[in-house]
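Okay, so here's the structure we're looking at.
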Amino acid sequence: MDLTAPQHRRRDSPELAPAEVFDGPIWEGADLLPRPRWILISRILRVAWLAAALLFLPADLLAETNASNVVCRNGLAVERREELAGKLRKITGWSDLKFDLTGALRLGTNPVNGSKKARELLSRVVTGGTAVVLEDASKRADVAFCQVLPGKWKANVPDSHPAFVVRIDFADFENVMGDAPALQAFDAGWGLLHELDHVVNNSLDATCLGEPGECEAHINEMRHECGLPQRAQYFYTYSPLTVDSAFITRLVQLSFEQEEAPSRKKKRYLLVWDANLVGGITEGKKIAVLR
Ligand SMILES: [Zn+2]
C-alpha cells in the first residue's frame with residue numbers, strides 16, 4: 001500500500017483497515033502473530049502461545065525480597081530503577097515508593113493525590129501470588145516499549161509462584177515526541193501498569209481500531225484519577241507526516257483525549273515517534289510483530 005497517497009495523509013483516517021496499522025504500542029507475547037490470525041485467537045490459545053516463550057529465571061531471584069513479588073533483574077541498572085520508581089511515585093502519589101537494595105519494589109504509605117486504582121493494582125501484584133520480574137530491554141529491536149512474557153524458574157523451587165517477566169525498553173519512551181499532557185500519560189510507569197493489568201486481571205487488548213481495549217480502559221481510569229488525558233485507541237497509525245518507506249524516518253502517531261470542563265468538549269493530544277527506531281515493523285506486512 002502506498003502510504004504517500006493523499007487519502008492516507010489525513011490525520012484521522014477511519015477507513016484504515018486493521019492490516020494497515022501497527023499493533024501496540026504495548027505488546028505482549030500474544031501479539032507475535034500477524035493481526036488477521038491474532039484476532040481469532042482465544043484466551044486459551046493465547047496462553048499456549050505464551051508458554052512457547054518461557055523465560056528462565058534464577059531460582060534465588062526472590063529469595064531476599066521479603067514479601068515483594070515485583071523484583072528487578074540484575075541488568076536493570078540502579079538509575080533505571082530510580083527512573084521507573086519516580087514515574088510510579090508520580091502516578092500513585094506514594095512519595096516513598098522505591099526499589100530497595102535487593103531490587104524489590106516497596107510500596108509507599110500515606111499517598112497524596114495520584115491514582116487510587118494504580119495503588120490498588122500495584123498492591124495486588126506486590127502482595128499477590130504471582131512473581132513479576134522486571135528486565136531492561138532498552139534498544140532491543142524485538143521489544144517496542146514494553147511486553148510481558150511468562151517466566152519459569154531454573155530450578156525446582158518449593159512453593160514457587162507462577163512468574164512473569166516484564167521487559168521495558170526505556171529507550172523507546174525517549175524517542176516519543178508530542179503534546180506534554182500526552183507524554184505524561186505515556187511513559188515507562190504507565191507501560192508497566194499496562195502489563196501488570198494483563199497479569200493480574202487477565203485483561204485483553206483491543207481488537208478493533210478506534211477503541212482502547214479492556215486493558216487500556218483500566219489504565220485510562222488511572223489516568224483520569226491523575227487528571228491526565230486518556231488513550232483514545234490501542235493501535236497506532238501512520239502519521240500524516242510520514243513519508244514513503246524509501247525514506248529513513250517512518251512516523252506513527254497515537255492520540256489521547258481529555259474532556260474539558262465546562263464545555264465537555266474533548267481536547268485531543270498527539271504522540272509521534274519513528275517506528276524505525278522503536279521497532280515493531282515487518283517489511284511488506286505493515287503489522288507489528290515481536291520477533
Ligand atoms: Zn496489552
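Every number for a ligand or one of its atoms is a count from 1 in the order of the listing. The model shown is predicted, which means the values in this text are computed figures rather than measured ones.
- Other residues, nucleotides and ligands contribute only 12 or fewer heavy atoms inside 6.0 Å of the CG atom of Asn113.
- Because the distance cut-off is set at 2.8 Å, Cys215 fails to qualify as a neighbour of the Zn ion (ligand 1), as none of its N, O or S atoms comes that close.
- Side-chain contact of Arg223 with Gln230: a donor-acceptor pair under 3.5 Å is absent, judged by distance alone.
- The minimum distance between the Zn ion (ligand 1) and any N, O or S atom of His194 involves atom NE2.
- Distances from the Zn ion (ligand 1) show that Glu216 has no N/O/S atom below 2.8 Å.
- Across Asn69, Val200, Leu196, a single residue satisfies side-chain contact (heavy atoms from CB on, under 4.5 Å) together with Arg124, and that is Val200.
- Residues forming a side chain to side chain contact (heavy atoms under 4.5 Å, CB included) with Glu260 (at least two apart in sequence, or on another chain): Ser263, Lys267.
- Sorting the N, O or S atoms of Asp205 by how far they are from the Zn ion (ligand 1) puts OD2 first.
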